[in-house]
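Below is one structure, written out as structure tokens; comments come after it.
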Amino acid sequence: MTSNKNLLFAFLSIILFSTILGLTAIYKMLGLSEITENMYKHPFTVSYAIQNVETQSVHIQHKMEMVMTTNNIKSMHRLHTEIAKHHQNIVDAYKLIYLRYLGDIQDIDKSYNAFIKWEAFRDSVIDMRIDKKDTKALHHKEQEATYVEVLNSLVFTLKNFAYNKAISYNENAKSSKIEAIIIISIILSIILVLSISITIYVLRNLAKSTENINRHFHLIEQNVNIAKLDTQMQLLNVTESLARLFNLEKSDVINCSTNLLFGNKEEQILEIKKIIKSGKSWNGEIYIENVAWIRAEIQCILDSQYKISGYDMIVYDITSNKQLEEVSMTDGMTGLLNRREFDKNFTQRLSLAKRENKILVFMMLDIDHFKPFNDNYGHQQGDVALKSVSNTLKETFNRPDDAVYRLGGEEFGVLFNAKDESGVESISQKVLDNIEALAIKHEHSSVCDHLTISIGVGIIHSSNTQSPDSLYVEVDSALYEAKDSGRNRYEILTI
């Protein structure tokens, strides 16, 4: 969180300094633009107007020389008209000078007054020449020259001020330019330093993140069972952890058929393919013989067009859980399901039989005179006898839905479905015959000289509404009725 705040602060700093840089550049450009505009409005404009005054003055002096040398009255009048035009041009130039001049206005007044006085002398000279008063005209011409010199001196003062002002503006422009370059350079340097710092910071964090990602990938590779499948459910890749589960190298697992992951059970594979190719996920338990119990989750991988491009399969090794579950479900000595599992399954099987309208048969078995057997042959032989009976029951009831339980001591239970009542009697007799066929010696039995059992059978129809406990009591009563009737026999009760 702190690193993110530092990074955000750095980025905001860059934005701030970039904004300052932009505003400074705009400000300095406006300043330079203003200086340029002032140079145009003031020194340059005034200098141009003063130059115009000087030029027009030269034209007037030239025309006055022509007035002094010609004797033609018409020429004199024409020259007078032309001088008047030059005079008006000078007046217009002075108007501009008055408007734009930044110096002392009295300097302009002095120059302009000198110009106006020069006009009076010019007019007098021209009038005297027209009246042919040449001596007086010559005398006035000499005095006029004095005014011209004064005018030129005053005009030079104006010109010199405009020139100095132009130099001042130029120096200001240079100074402003240098100042702008320095400020912008400083801000650019700060931005550069911040950018380099952020780049280094980002690269370091990126390297650190890459290292963390690689470490996480390594942890996943070594500790998580994952397989990548293509659209045809062929193996593309597996993690090292999954390969170890099969005691194979990673490359060997990839080269194997996908069936390996499903315990080579074709029916289950076809069912899974049907589900996942419809776009749904699949999860379930799979037993892989001589390898492990696994729980697998298969999810679709979609491309940008939302089409299936492959599958991810996550595998969990639940062998230990299954072993614990088996321990909690089974009797340690016989390997049969225990009483707790019977209580749970009996209720479930009753509900299922009702839902599917099937007959559920509950068979309760008890070894005849087992206490004398233990007392005379020893508990070790007693355990052997229990195991033999258990194995015989498992062999007799070997259908997928058949379940054999050790209910306690020498008492056993069997749950199985029957199509009708007629087959129950034959299977009950078969159980008696199979136990007798073991020919386990029992000289202390009142029934015969070998081990026998008694059976109580309850045929439970789907219409029955009794609780599991009530049904258990009734079947237990049937068992004791078989015992009371001589043992080594069965008693069937239709419930």
Side-chain angles (χ1 to χ4, degrees), residues 27-68 76 78-129 136-180:
Y27 174 76
K28 290 300 179 181
M29 286 174 64
L30 290 174
L32 289 171
S33 175
E34 183 180 0
I35 290 172
T36 303
E37 184 179 358
N38 288 336
M39 288 178 70
Y40 171 77
K41 283 183 178 180
H42 303 291
F44 289 161
T45 305
V46 171
S47 295
Y48 177 77
I50 292 172
Q51 185 178 2
N52 194 24
V53 170
E54 291 177 332
T55 302
Q56 298 299 324
S57 297
V58 170
H59 286 314
I60 290 174
Q61 291 178 54
H62 178 65
K63 294 291 192 298
M64 287 300 296
E65 292 295 333
M66 293 176 64
V67 168
M68 295 301 294
M76 291 181 187
R78 178 178 58 78
L79 289 168
H80 190 202
T81 301
E82 292 177 0
I83 289 170
K85 290 181 180 179
H86 292 306
H87 176 86
Q88 186 58 46
N89 289 338
I90 292 174
V91 170
D92 293 339
Y94 269 106
K95 289 181 181 179
L96 186 57
I97 293 170
Y98 269 111
L99 182 64
R100 299 291 176 82
Y101 190 69
L102 297 177
D104 191 347
I105 199 71
Q106 292 183 359
D107 293 337
I108 307 175
D109 291 339
K110 290 176 182 178
S111 176
Y112 186 70
N113 290 336
F115 169 67
I116 297 301
K117 289 181 179 179
W118 181 33
E119 178 188 15
F121 274 95
R122 289 198 313 269
D123 291 344
S124 298
V125 171
I126 293 171
D127 290 340
M128 290 177 184
R129 283 288 292 144
K136 287 185 177 184
L138 182 60
H139 177 70
H140 274 71
K141 185 71 173 65
E142 291 175 354
Q143 290 182 329
E144 178 205 355
T146 303
Y147 278 99
V148 170
E149 288 180 6
V150 173
L151 176 62
N152 288 337
S153 175
L154 294 172
V155 168
F156 177 79
T157 300
L158 298 177
K159 183 178 180 181
N160 189 54
F161 179 83
Y163 174 76
N164 290 333
K165 200 66 178 175
I167 292 175
S168 174
Y169 276 127
N170 186 53
E171 292 298 327
N172 287 340
K174 288 181 180 179
S175 175
S176 182
K177 177 183 176 182
I178 293 171
E179 183 181 345

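These figures come from a predicted structure and were not determined experimentally. Note that the numbering runs from 1 along the sequence shown for the chain.
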Determine the interplanar angle of the Y112 and Y98 rings, folded into 0 to 90°, and report it as parallel if under 30°, tilted if 30 to 60°, perpendicular if over 60°.
-> perpendicular
Does any pair with a residue in residues 112-121 pass salt bridge (charged side-chain N to carboxylate O under 4.0 Å, His left out), and if so which ones, sequence neighbours excluded?
-> none
Side-chain heavy atoms of K95 within contact of L99, under 4.5 Å = no
Can you measure from CG (N52) to CG (D92) and round to the nearest 0.5 angstrom?
-> 8.5 Å
For V53 and I97, the nearest pair of non-hydrogen atoms, with its separation, is CG2-CD1, 4.2 Å
First locate atom CG of N113, then atom NZ of K110, and finally report the distance between them rounded to the nearest 0.5 Å.
-> 10.5 Å
Kindly say whether Q51 contributes a backbone atom to a donor-acceptor pair with the side chain of T55 at under 3.5 angstrom?
-> yes
Q56 to I90 - nearest heavy-atom pair and separation = CB-CG1, 3.2 Å
Between L158 and D107, which heavy-atom pair has the shortest distance, and what is it?
-> CD2-CB, 3.7 Å
Which residues satisfy the ring pair (Phe, Tyr, Trp, His ring centres under 6.0 Å) test with H80, sequence neighbours excluded?
-> none
Hey, which of H86, R78, K85 is the one that makes side-chain hydrogen bond (donor to acceptor under 3.5 Å, both in side chains) with E82?
-> R78
To the nearest 0.5 Å, how far apart are OG1 in T81 and NZ in K63?
-> 11.5 Å
CE (M68) and CE (M76) are apart, to the nearest 0.5 Å, by 9.0 Å
Nearest 0.5 Å please: distance from the OH atom of Y48 over to the CG atom of L96.
-> 9.5 Å
To the nearest 0.5 Å, atom OG1 of T45 lies from atom CD1 of I50 at 11.0 Å
Would a distance-only check, ignoring hydrogens and angles, find a side-chain to backbone donor-acceptor pair under 3.5 Å from N160 to F156?
-> no
Quick one: list whatever passes salt bridge (Lys or Arg N to Asp or Glu O under 4.0 Å) with E54, sequence neighbours left out.
-> K159
